[in-house]
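The shown structure was predicted, so the numbers you read here are calculated from the model rather than taken from an experiment. Below, chains carry the letters A, B, ... as their sequence lines are ordered, and counting in each starts from 1.
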There are 2 protein chains.
Amino acid sequence: MKTNETATQLLDAAQSLIQERGYNAFSYKDLAATVGIRTASIHYHFPSKSDLGVALMERYVQDLTGALAAIDQKTRSSKSKLKSFIKLYTETERRGAICLCGSLASDRETLPPSLQKAIAQYLQQSERWIAEKIQEGVKHGELGFRGKPADAAATLLSSLQGGLILSRARGGGSLLTTVQRVFFETLEAA
Amino acid sequence: MKTNETATQLLDAAQSLIQERGYNAFSYKDLAATVGIRTASIHYHFPSKSDLGVALMERYVQDLTGALAAIDQKTRSSKSKLKSFIKLYTETERRGAICLCGSLASDRETLPPSLQKAIAQYLQQSERWIAEKIQEGVKHGELGFRGKPADAAATLLSSLQGGLILSRARGGGSLLTTVQRVFFETLEAA
DNA sequence: AATAGCCTACCTAGTAGTAGGTACGCAATC
DNA sequence: GATTGCGTACCTACTACTAGGTAGGCTATT
């Protein structure tokens, strides 16, 4: 098998496992079983577990950048852009998973600094993008929010990340639909 | 040393470790080092790690029940009750920790069912209490919120739990102050 | 004398990671 | 066009260590 293929499979498997169980609750053994190679061979692609984690977050940040660009391109109104963003989270919720970054952030204190940085970067990028869209929406009279866009952005991201965790703890249901509704009630209160 | 004393010390140490690092990232060895006994002796108090986890969540639920009762007793207005509730979280934030229950909820899929139930109970109890206060506030004309109190309650709890995680990922600052501000802006938009 | 609380000494299973080797493909050289 | 040399992608077998957990003994209190 080609390097990239196996490496990609390993990243995919690791991502699923982290989103389902957490960074400290998966092993190279789990990965090996999923991909169909031996644990030792994983070290060829990712010398250490934290190397794998860093690679995973790098890919995740890239995916985010791509997803945000796609939203910006194909959607016009700020409100529908924000809805598309939230949809990224409701899809994760439907899978019964939590955000890779949220999962890693929970385990933050046990992770190497390089991973901690990647986590912060992902969240910061998300937050900034949300704040931009809110600001635009307010500017164009689409949204009637009088507070600071950055405040609403931080709150939305918090409630999405937390919402995923609580949703799973509830054992199902669409908590994020509720979060979205409340969020737009806040923004549209004119 | 008396049983209760050691057991309490073990619970305290375990709680700190879980709030800092997560359930799967602490061991009886860590506990033993903190409390000053051998790992084997911990099994005398808590035969298995999940027994410890369950005992911990039971205590945490009791603490919550007590805290909510105390708030209900000493505070009059719904708004200040909600503020007192949020203060429980800002104190956790200041310690650089996350909620015990939120931490366990992140690791949910790796935990025994008894613990999963305890987590759900804690969150449900919190959510119900918040919803009650919002409903009261609206009824007494204190809060001008037109949506469902249960929706706002679920959203607030999500943003508090998520906020604790994001705040730590940021490496400081008072994100929850922002969350609180946005929350009351939502509630008071009349 | 019984019991509570902790100990030493051990177990099994699993962890990340390493050492050394094999099979194979792809170039450059003869 | 066969040979040499090197890189890739994987393997088996192992190391050193940690995990939670158990058996049985010692000691101080009751």
Comparing B:G36 and A:D30 on DNA chain C - which has the more 5′ nearest nucleotide: B:G36
So do the side chains of [X] and [Y] get within less than 4.5 Å of each other, counting heavy atoms only?
X	Y	value
A:I130	A:L82	yes
A:F183	A:L187	yes
B:Q19	B:T92	yes
B:F184	B:K83	yes
A:C101	A:L123	yes
A:K133	A:W129	yes
B:L64	B:S126	yes

Proximity to the side chain of B:K29 - top-ranked nucleotide from C:dA4, C:dA16, D:dT18: D:dT18
A:H43 side chain, from C-beta outward: closest of D:dC10, C:dC7, C:dT18: C:dT18
Are there any protein N/O atoms within less than 3.5 Å of an N/O atom in nucleotides 12-16 of chain D, and if so, which ones and at what distance?
residue : atom : partner : partner atom : Å
D:dT12  : OP2  : A:R38   : NE           : 3.4

Output the rounded distance in Å from [atom1] ([X]) to [atom2] ([N]).
X	N	atom1	atom2	result
B:L31	C:dC6	CG	P	13 Å
A:Y44	C:dG20	OH	C1'	16 Å
B:Y28	C:dC7	OH	C1'	17 Å
B:I42	D:dG20	CD1	P	9 Å

Electrostatic pair B:E109:A:R168 at N-O distance under 4.0 angstrom: yes
Same apolar cluster (I L V M F W Y, side chains within < 4.5 Å links), A:V182/B:F85: no
Identify all pairs in which a protein N or O lies below 3.5 Å from an N or O of nucleotides 25-30 of chain D, and state each distance.
none

Phosphate OP1/OP2 of D:dT18 contacted by B:S27 side-chain N/O (<4.0 Å): no
Any B:H45 side-chain nitrogen or oxygen under 4.0 Å from OP1 or OP2 of C:dC6: yes
Set of residues satisfying salt bridge (charged side-chain N to carboxylate O under 4.0 Å, His left out) with respect to B:E127, sequence neighbours excluded: A:R170
Whether A:H43 and A:Y28 hold their rings parallel, tilted or perpendicular, with breakpoints at 30° and 60°: tilted
Stepwise side chain to side chain donor-acceptor pair (under 3.5 Å) check, B:S159 with A:S158: CA-CA 5 Å; B:S159 57; A:S158 294; over 6 Å; no
Option from A:Q135, A:E136, A:K139 for which side-chain contact (heavy atoms from CB on, under 4.5 Å) with A:P149 holds: A:Q135
Under the side chain to side chain donor-acceptor pair (under 3.5 Å) test, residues paired with B:T90 that sit two or more places apart: none
Residues within residues 48-58 of chain B bordering DNA chain D, heavy-atom distance below 4.0 Å: B:S48, B:K49
For DNA chain D, the residues among residues 10-23 of chain B that have a non-hydrogen atom under 4.0 Å from it: none
Touch class at under 4.0 angstrom, heavy-atom based, for B:F26 against every strand present: sugar-phosphate
